Amino acid sequence: MDYLELYKMAKEAKNMSYSPYSNFRVGAAVIMENGKVYTGANIENSSYGATVCAERSAIFRAVLDGNHKIKALAVAADTEDEIFPCGICLQVVGEFCDNETKILCGRGNGDYVVYSLEDLLPKRFSL
Ligand code: THU
């Protein structure tokens, strides 16, 4: 699967967003080292802190299926500007990435910009 296809899946996954509080729909799709793809969407909660972002819901699906190496992560929203994963999601990407991992940040008009984790989170916590 090429990156454009992955990004299209992230856009499609946006339709599964549960976001009655912010009305901000986010979709994500990850492709893992073995080629398997998992999608996610943001799932909000009336206790706002219990909200899970689209990126983490996709990554957690992959991990629960036994896959720990992200090849690429695509994120899509309805914004004109690029959408960047939040800091918590970047920290989670850091747990399951390598130097080759790509992060595709969508723009509402249908394209995306490719970054590395190093671009978006040059330093991160690790044990
Ligand atoms: N959100 C994501 O799903 N991913 C991000 O990278 C940033 C924010 C969600 C969380 C919340 O449901 C909504 O966007 C507004 O913050």
Side-chain angles (χ1 to χ4, degrees):
M1 169 179 297
D2 64 20
Y3 288 158
L4 184 59
E5 198 60 34
L6 188 72
Y7 177 54
K8 282 185 186 161
M9 288 187 75
K11 282 211 283 192
E12 183 69 29
K14 200 158 40 84
N15 294 323
M16 299 311 293
S17 166
Y18 176 77
S19 44
Y21 302 102
S22 71
N23 290 312
F24 189 80
R25 299 184 310 153
V26 186
V30 272
I31 183 162
M32 310 305 286
E33 208 169 55
N34 64 357
K36 281 192 124 189
V37 175
Y38 300 86
T39 58
N42 55 330
I43 304 171
E44 298 188 342
N45 193 276
S46 59
S47 176
Y48 297 164
T51 292
V52 179
C53 291
E55 297 89 325
R56 274 176 290 146
S57 67
I59 293 167
F60 291 163
R61 271 181 148 177
V63 172
L64 287 167
D65 203 28
N67 297 294
H68 290 185
K69 259 290 151 34
I70 301 172
K71 206 165 143 197
L73 162 71
V75 193
D78 296 316
T79 49
E80 289 251 320
D81 292 334
E82 285 159 68
I83 171 143
F84 292 110
C86 78
I88 295 175
C89 289
L90 290 172
Q91 178 72 29
V92 171
V93 171
E95 191 74 28
F96 300 108
C97 77
D98 60 26
N99 291 336
E100 303 304 311
T101 300
K102 306 285 184 245
I103 301 173
L104 283 46
C105 297
R107 293 195 276 221
N109 60 10
D111 65 352
Y112 57 83
V113 183
V114 182
Y115 295 93
S116 66
L117 184 67
E118 173 73 15
D119 293 328
L120 302 182
L121 190 72
K123 305 269 185 220
R124 68 174 186 273
F125 177 77
S126 66
L127 288 173

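As the structure lists them, so they are numbered: ligands from 1, and atoms in each ligand from 1. Predicted model only: the values in this text are computed from it and were never measured.
Side-chain atoms of S47 do not come within 3.5 Å of backbone N or O of A50 as any donor-acceptor pair. Put simply, the side chain of R25 never gets that close to the backbone of S19: no donor and acceptor are under 3.5 Å apart.
Y48 is linked by a ring-ring contact (aromatic ring centres under 6.0 Å, His included) to Y21, counting only residues two or more places apart in sequence or in another chain. For the side-chain hydrogen bond (donor to acceptor under 3.5 Å, both in side chains) test, no residue two or more places apart in sequence or in another chain qualifies with T79.
Checked for salt-bridge contact, K71 and D98 miss the test: no charged N lies under 4.0 Å from a carboxylate O.
Using a 4.0 Å heavy-atom criterion, the residues that approach ligand 1 are S22, F24, V26, N42, E44, T51, C53, A54, E55, F84, P85, C86.
Grouped by direct or indirect side-chain proximity (heavy atoms under 4.5 Å, Ile/Leu/Val/Met/Phe/Trp/Tyr only), I43 sits with Y18.
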